[in-house]
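Worksheet: the structure to be examined is printed underneath.
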There are 2 protein chains.
Amino acid sequence: MSLEHAILVSLLEQPASGYELARRFDRSIGRFWTATHQQIYRVLKQMADDDRITGVQVGQESLPDKKVWSVTPAGRAALLDWLHAPVRPEAVRHELAVKIRGAAFDDAAGRAALLAEVERYRADHESVLAGYLAGERRDFADPAAPDARAALQHVVLRGGIAYERMVLAWLDDVLATLRALDPDPERPAP
Amino acid sequence: MSLEHAILVSLLEQPASGYELARRFDRSIGRFWTATHQQIYRVLKQMADDDRITGVQVGQESLPDKKVWSVTPAGRAALLDWLHAPVRPEAVRHELAVKIRGAAFDDAAGRAALLAEVERYRADHESVLAGYLAGERRDFADPAAPDARAALQHVVLRGGIAYERMVLAWLDDVLATLRALDPDPERPAP
DNA sequence: GCTTGCTATGCAACAAAGTGCATAGCAGGA
DNA sequence: TCCTGCTATGCACTTTGTTGCATAGCAAGC
């Protein structure tokens with residue numbers, strides 16, 4: 001279960017409640033590990049049972065109470081054990097690539113629909129990239145020598161930026177390929 | 001279950017046995033969808049039960065018999081349904097990125113170990129890229145206008161190539177970042 | 001007063017994926 | 001002759017991930 005380790009890293013960077021973690025997974029951490037709040041709450045419960053984290057109930061003004069979790073020494077030790085284990089090759093799961101190859105067995109109308117879908121998909125990635133760039137300007141504008149944590153966070157963010165730029169360039173290639181396949185006389189040159 | 005759809009695409013491109021599919025998933029298809037042979041045999045059985053594929057027993061000289069699977073009309077229809085559904089955002093799972101951020105909570109020795117691990121990881125990706133480039137030279141050398149299937153296979157392969165190149169460049173960035181963090185006087189400049 | 005939306009936590013059921021193990025014949029080398 | 005490695009298929013068990021649902025208080029707008 002690597003979600004556990006992603007949570008340990010996030011909690012070491014900053015203690016948080018399940019809800020806050022879920023939002024981090026929707027934003028910064030989500031760039032390299034996705035998880036829903038249901039998964040997070042379940043894993044947090046297990047981790048508490050295994051004594052990797054401890055929670056403190058915190059009251060808030062005009063908001064429900066929350067439980068803020070911190071990493072225990074045992075949790076930190078578990079993270080270090082995992083850090084020292086070999087990195088496993090990443091499991092790729094590119095649904096869009098499967099669909100593109102599958103489009104060879106569809107008709108022109110189906111490929112036109114896929115083209116529209118790719119355009120939507122491209123817009124999503126463009127906004128993700130914009131979010132990363134905004135985050136970079138916000139958190140890493142200072143050119144002074146950063147500490148280890150900031151330097152490592154920044155290099156991971158640069159990875160996310162490079163990934164999104166690569167995806168956008170590739171999607172342009174995909175769009176051009178799809179358009180060349182079924183030239184559309186109704187819409188000559190958009 | 002999208003493994004089912006990846007298998008349908010692969011079998012439409014060329015009928016195959018479970019074993020052959022597993023090897024394709026280790027090579028060309030594995031660039032956008034990973035699966036082990038156990039997963040593949042299991043899903044093939046389900047797909048046969050659902051009448052998406054039919055198998056023919058084929059005897060071989062000095063090799064065990066194999067069962068070659070082909071897509072039925074129902075299977076093709078199921079694939080088209082799936083093709084016309086919206087693409088879901090890809091689920092990212094970058095263990096290495098988690099470890100890099102986690103390295104902030106490790107000591108210099110731990111980060112040195114991570115650095116060696118990243119170098120190994122980089123070598124793996126370099127050989128994957130070399131494999132893709134060899135495949136491209138082998139299968140797409142002909143500059144003549146390709147048919148839809150070849151054009152779509154090629155654009156997906158270009159995606160794999162772009163991905164690997166991006167990863168290699170990022171890993172160089174990671175290595176430089178790690179080296180800057182803990183300058184090693186024992187090994188000044190490799 | 002009602003609806004929508006946000007914070008905040010969680011269970012239950014189900015679907016999918018991963019890990020470990022087992023079998024079996026043949027080829028080729030030590 | 002034994003060991004290794006390849007083709008070929010598959011089961012059983014465990015871990016993860018997804019989906020749907022449920023609760024509850026507060027704030028803001030209509």
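In what follows, chains carry the letters A, B, and so on, assigned in the order in which the sequence lines appear, proteins first and then strands, with residues in each chain numbered from 1.
- As rounded to whole Å, 13 Å separates atom C1' of C:dA17 from atom CZ of B:Phe25.
- A donor-acceptor contact under 3.5 Å links the side chain of A:Arg42 to the base of D:dT18.
- Closest-nucleotide positions on DNA chain C for A:Val68 and B:Ala35 were compared, and the one nearer the 5' end corresponds to A:Val68.
- Looking only at distances, no side-chain donor or acceptor of B:Arg158 sits under 3.5 Å from a matching main-chain atom of A:Trp170.
- Ion pairing of A:Lys99 with A:Glu117 is absent here, as no side-chain N (NZ or NE/NH1/NH2) approaches a carboxylate O to less than 4.0 Å.
- The interatomic distance linking A:Gln39 (CD) with C:dG10 (P) rounds to 16 Å, in whole Å.
- OP1 and OP2 of D:dC6 both lie 4.0 Å or more from every side-chain N or O belonging to B:Arg23.
- For the pair B:Glu20 and B:Arg93, nearest-nucleotide mapping onto DNA chain D gives the more 5' position to B:Glu20.
- One distance of note links CG of A:Leu8 with CH2 of A:Trp69; it measures 12.5 Å at 0.5 Å rounding.
- Panel note: side chain A:Ser70, backbone A:Pro15; no donor-acceptor pair is recorded below 3.5 Å.
- One interatomic measurement links the two molecules: CG of B:Asp26 to P of D:dC6, which rounds to 12 Å at whole-angstrom precision.
- Within 3.5 Å, a donor on the side chain of A:Gln38 pairs with an acceptor on the base of D:dG20, or the reverse.
- Rounded to whole angstrom, the span from the CG atom of A:Asp65 across to the C1' atom of D:dG25 amounts to 11 Å.
- The side chain of A:Arg88 contributes an N or O atom lying less than 4.0 Å from OP1 or OP2 of C:dT19.
- When the side-chain nitrogen and oxygen atoms of B:Lys45 are compared with OP1 and OP2 of D:dT9, none of them lie within a distance under 4.0 Å.
- Residue contacts shown for B:Ser17 are limited to sugar-phosphate atoms, with no base heavy atom under 4.0 Å away.
- Atoms NE2 (B:His5) and P (C:dA17) sit 11 Å apart, rounded to a whole Å.
- Annotation for A:Arg88: atom CZ does not count as buried by contact number, only 12 or fewer foreign heavy atoms lying within 6.0 Å.
- Distance B:Gln46 CD to C:dC14 C1': 13 Å, rounded to the nearest Å.
- Taking atom NE2 on A:His37 and atom P on D:dC21, their separation rounds to 14 Å, with Å as the unit.
- For B:Tyr19 and D:dG10, the OH to P distance is 14 Å, given to the nearest whole Å.
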